[in-house]
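Inspection log for the structure reproduced underneath, given as structure tokens.
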Amino acid sequence: MIDIKFLRENPDVVRASQKGRGESVELVDQILASDEIKRAAVNEFELLRQEQNVLSKSVGAAKGDEKNALLANAKELADKVKAADTKRAELEEQTKQLIIQLSNLLDTDAPIGGEEDFVTIEHVGTPRDFTKDGFEPKDHVELGKLLGAIDTERGAKVAGSRSYYLTGAGAMLEFALVNYAIQSALKNGFTPVIPPVLVNPAAMEGTGFLGQAAENVYRIEKDDVYLVGTSEVPLAAMHMDEILPADKLPMRYAGYSSCFRREAGTYGKDTRGIIRVHQFDKVEMFSFCKPEEAKAEHQRLLQWEKDFLIAMDIPFRVIDVASGDLGSSATRKFDIEAWIPTQGAYREVTSTSNCTEFQARRLNIRYKDADGTKAIATLNGTLVAIPRMIVAILENHQNSDGTVNVPAALQPFLGTAKLELV
RNA sequence: GGAGGAUUCGCAUAGCGGCCGAGUGCGCACGCUUGGAAAGCGUGUAUAGGGAAACCUAUCGAGGGUUCAAAUCCCUCAUCCUCCGCCA
């Protein structure tokens, strides 16, 4: 949620931001208009209420005829107050519904444009030359079968499309990746968290996943709860309606959870393998920090993501995601894309967003220092999303016979330097 | 799933129609006292909106209702605790 005061004072900045995202500019003017009549209604209500409070007090003190006379007045006034209150509530709700549609302000450094207009910031590592190695790389589905690591056929049989089993080496890879991730996160000052994945509407709404993103969310209608698509949701909502002490900031959480995504509208995409699935596990980094620290924290999250890929010895590039492709909460977003040999392309494996105070304002999370209470900033970043990381590891580190070399960093957790055929 | 109890200012509580935005204790902050500290004493100590300020308005789990007036009465919901049942 955008700060309404900021919007009143800087409507042009907000208009420019909406334009950059390819979203409604008129919305800004609708909000300003609605806000103005709302404020008038609030004022009217408050004046009437004040009058009523005074009158009520005098009723209490009065006796006999005097009291009866005052009561007649008070009754009439009570009706007026009620009417004014109803009007005020309606206008407040209307204004809120409009404001909530507004996306976060773009970072002025974010590239403008659509999905294709990202800016590549850097390349790290060099894609392996399989021709030089003398063999044609197998894709992760084939490798997964040879290693007894991934079973998409039975996944489909039991749970439908985009479902899979991780078995044997596949399951062990997940445990190793998670353990390595949590160990790194601990070193970087994160508190490890296993959050609820079934959350209430307030948590989902507050984190901004019931807007445009709603159709990708699983809902359990009978109990009015949602399955989260990322632990960002329970991690952000963890401090909903709280005021955090400034000296505890930044507060960093590393959440490990299953993530559920309907993947509506992606029918043609990535139908093979486990790049795009309905359920996967992920270790997510989440930070609460002072707004003035947010940019630097964003860079730190990005660095930790890069460190992970480097430790996995996987070539990747970092892209600065363009305005039209940002989530509504993000002011700026960096994706890390790993090289996938059989696709001859870089594919997103992690992503980090700076949500500044936008998400915190919706969730009513603030911090307090000597100067008072202020909105806090929130940021999130993927440390490791298991299936995509498994894809990257298998494909990049495969040998001609289908065995796979384990990155040195994972070896202690996996207990082997090589995944063998079954 | 059934029965009962609870939810008030950081914590613990008081309040059960107007004197209550709300008392007390603890905690915390500042000051006095002290050689220093403890104790003691004094002052202050929620959030949001409006206003230059004085101050006004809202909030006593959430929402609705009764009333001139609700922390206080009624209804619905949520959460927590205790007991019973059921299950791992």
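Throughout, a chain's letter reflects where its sequence line sits, starting with A, and its residues are numbered from 1. Quick caveat: nothing in here was measured; it's all calculated off a predicted structure.
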Heavy atoms under 4.0 Å, any strand shown: does [X] hit a base, just sugar-phosphate, or nothing?
X        : value
A:Gln52  : sugar-phosphate
A:Leu47  : nothing
A:Lys80  : nothing
A:Arg361 : nothing
A:Lys38  : nothing
A:Asn53  : sugar-phosphate
A:Ser58  : nothing

Pair assignment for [N], Watson-Crick or G-U wobble, requiring both distances under 3.5 Å:
N     : value
B:A54 : none
B:G36 : none
B:C19 : none
B:U82 : B:A3
B:A12 : B:U24
B:C30 : B:G42
B:C73 : B:G65

Please state the [atom1] separation for the pair [N] and [M] - nearest whole angstrom.
N     : M     : atom1 : result
B:U66 : B:U13 : P     : 34 Å
B:A58 : B:A6  : C1'   : 26 Å
B:C81 : B:C75 : C1'   : 24 Å
B:G4  : B:C26 : P     : 39 Å
B:A48 : B:G21 : C1'   : 14 Å
B:G40 : B:A52 : C1'   : 42 Å
B:U79 : B:C68 : C1'   : 35 Å
B:C83 : B:C16 : C1'   : 28 Å

*Counterpart residues, ring pair (Phe, Tyr, Trp, His ring centres under 6.0 Å), relative to A:Phe308 (two or more places apart)*: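 A:Phe308 satisfies ring pair (Phe, Tyr, Trp, His ring centres under 6.0 Å) with A:Tyr180 only.
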*Taking ring pair (Phe, Tyr, Trp, His ring centres under 6.0 Å) as the test, write out the residues that go with A:Tyr256, two or more places apart.*
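Ring pair (Phe, Tyr, Trp, His ring centres under 6.0 Å) check on A:Tyr256 returns nothing, list empty.
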*Just the endpoints, please: which first and last nucleotides of RNA chain B, 5' to 3', lie under 4.0 Å from a heavy atom of chain A?*
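Here the contact window of chain A covers B:G18 to B:A69.
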*asked:* Using heavy-atom distances to pick each residue's nearest nucleotide on RNA chain B, tell me which of A:Asn43 and A:Val54 is more 5'.
replied: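 Its nearest nucleotide being more 5', the pick is A:Asn43.
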*On RNA chain B, nearest-nucleotide positions of A:Gln50 versus A:Leu55: which is more 5'?*
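Closer to the 5' end of RNA chain B: A:Gln50.
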*Nearest 0.5 Å please: distance from the CD atom of A:Gln303 over to the CG atom of A:Leu301.*
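Between atom CD of A:Gln303 and atom CG of A:Leu301 there are 11.0 Å.
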Would you mind writing out the side-chain donor-acceptor pairs for residues 106-113 of chain A within the sub-3.5 Å range, not counting sequence neighbours?
{"residue": "A:Asp107", "atom": "OD1", "partner": "A:Asp109", "partner atom": "N", "Å": "2.8"}
{"residue": "A:Asp107", "atom": "OD1", "partner": "A:Lys295", "partner atom": "NZ", "Å": "3.4"}
{"residue": "A:Asp107", "atom": "OD2", "partner": "A:Lys295", "partner atom": "NZ", "Å": "3.3"}
{"residue": "A:Asp109", "atom": "OD2", "partner": "A:Lys295", "partner atom": "NZ", "Å": "3.2"}

Ignoring hydrogens and angles, write down the donor-acceptor pairs under 3.5 Å from the side chains of residues 36-48 of chain A, residues two or more places apart or on other chains.
none

*More than 12 heavy atoms from other groups under 6.0 Å of CD1 on A:Ile194*: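 It does not: A:Ile194 CD1 has 12 such atoms or fewer within range.
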With a 3.5 Å cut-off and sequence neighbours excluded, list the donor-acceptor pairs that the side chains of residues 412-422 of chain A form with protein atoms.
{"residue": "A:Thr416", "atom": "OG1", "partner": "A:Lys418", "partner atom": "N", "Å": "3.2"}
{"residue": "A:Thr416", "atom": "OG1", "partner": "A:Lys418", "partner atom": "O", "Å": "3.0"}

*Minimum heavy-atom distance between A:Ser231 and A:Lys282, given as atom pair plus value*: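 The answer is N-NZ, 4.2 Å.
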_Check A:Arg15 with A:Asp12, please: is the shortest side-chain N to carboxylate O separation under 4.0 Å?_
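Looking at A:Arg15 together with A:Asp12, the answer is yes, because their closest N to O distance falls below 4.0 Å.
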